[in-house]
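Here is the structure we will look at, set down as structure tokens.
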Amino acid sequence: MTDAATANPVHDFISRTVTDNPVVLFMKGVPESPQCGFSGLVVQVLDHLGVDFIGVNVLQDASLRDGIKTFSDWPTIPQLYVKGEFVGGADIVKEMFQSGELKPLLIEQGVLAA
Ligand SMILES: N[C@@H](CCC(=O)N[C@@H](CS)C(=O)NCC(=O)O)C(=O)O
Ligand code: FES
């Protein structure tokens, strides 16, 4: 984390959220009703694998929508975090799922039963 984490309340919120929750998806809309196909795709993958996760709707707050980009140094939404680590956006999650890498990673991280 950069020193910005202590100076930026939005970064503090994000930091706490990804520390307190094992799997966090920063997304547009909520898991039950994604507002963008890219966010919806990641929700579908996580649901398919049976992962428990929380969704954080960046559309509720412009500073959160911007803040998650600077926090992760990643320009787009969705953004998946597992155990406080940034995993990727929709393309990465899709690729990891299709290549069979995602499930073992989630099991290894202890967020999915083997
Ligand atoms: N290729 C991206 C697709 C996601 C994407 O392009 N998101 C755009 C449109 S939803 C975005 O977040 N734009 C900035 C914004 O809306 O704030 C990925 O792998 O996640
Ligand atoms: S909201 Fe338009 S592509 Fe995601």
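Start at 1 and go down the list; that is how both ligands and their atoms are numbered. No experiment lies behind these values; they were computed from the predicted model shown. Heavy-atom basis, side chains included; hydrogens, waters and symmetry copies ignored.
Shown are the protein N/O/S atoms under 2.8 Å from atom 4 (Fe) of ligand 2, given by residue and atom: Cys36 SG.
Looking at heavy atoms from C-beta onward, Phe53 lies out of side-chain contact with Val111 at the 4.5 angstrom threshold. Side-chain contact between Lys28 and Arg65: present, with at least one pair of heavy atoms (C-beta onward) separated by less than 4.5 Å. In this structure the side chain of Lys94 never reaches within 4.5 angstrom of the side chain of Val45, judged on heavy atoms. Contact check for Leu25 versus Pro31: no side-chain heavy atoms found under the 4.5 Å cut-off. Side chains of Met27 and Val43 form a contact here, defined as non-hydrogen atoms less than 4.5 Å apart.
Taking distance alone, with nitrogen or oxygen atoms compared against 3.5 Å, Arg65 approaches ligand 1 more closely than that limit.
Under the 3.5 Å distance criterion, with hydrogens and angles disregarded, no donor-acceptor pair is assigned to the side chains of Tyr81 and Thr17.
Closest to atom 7 (N) of ligand 1 among all protein heavy atoms lies Ile77 O, 3.0 Å. Scanning all protein heavy atoms for the shortest distance to atom 13 (N) of ligand 1 gives Thr76 CG2, 4.1 Å. If you check which protein heavy atom lies closest to atom 18 (C) of ligand 1, you get Ala90 N, 3.4 Å. Summary of contacts: the protein heavy atom closest to atom 1 (N) of ligand 1 is Asp91 OD2, 3.0 Å. In terms of protein heavy-atom proximity, atom 10 (S) of ligand 1 is nearest to Lys28 NZ, 3.0 Å.
One hydrophobic cluster holds both Trp74 and Val24 under the rule that ILVMFWY side chains link at heavy-atom gaps under 4.5 Å.
Within the structure, ligand 1 has Lys69 among the residues with a heavy atom less than 4.0 angstrom away.
The minimum heavy-atom distance between Thr76 and Lys69, with the atom names listed, is N-CG, 4.4 Å.
The only member of Ile54, Ile14, Leu80 that meets side-chain contact (heavy atoms from CB on, under 4.5 Å) when paired with Phe26 is Ile14.
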Test side-chain contact (heavy atoms from CB on, under 4.5 Å) applied to Val10 and Ile68, step by step: CA-CA 8 Å; Val10 176; Ile68 188 62; over 6 Å; no
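Under a 4.0 Å criterion applied to the non-hydrogen atoms of Gly89, ligand 1 contributes the atoms 19 (O), 20 (O). Those atoms of ligand 1 with a heavy atom of Cys36 less than 4.0 angstrom away are 10 (S).
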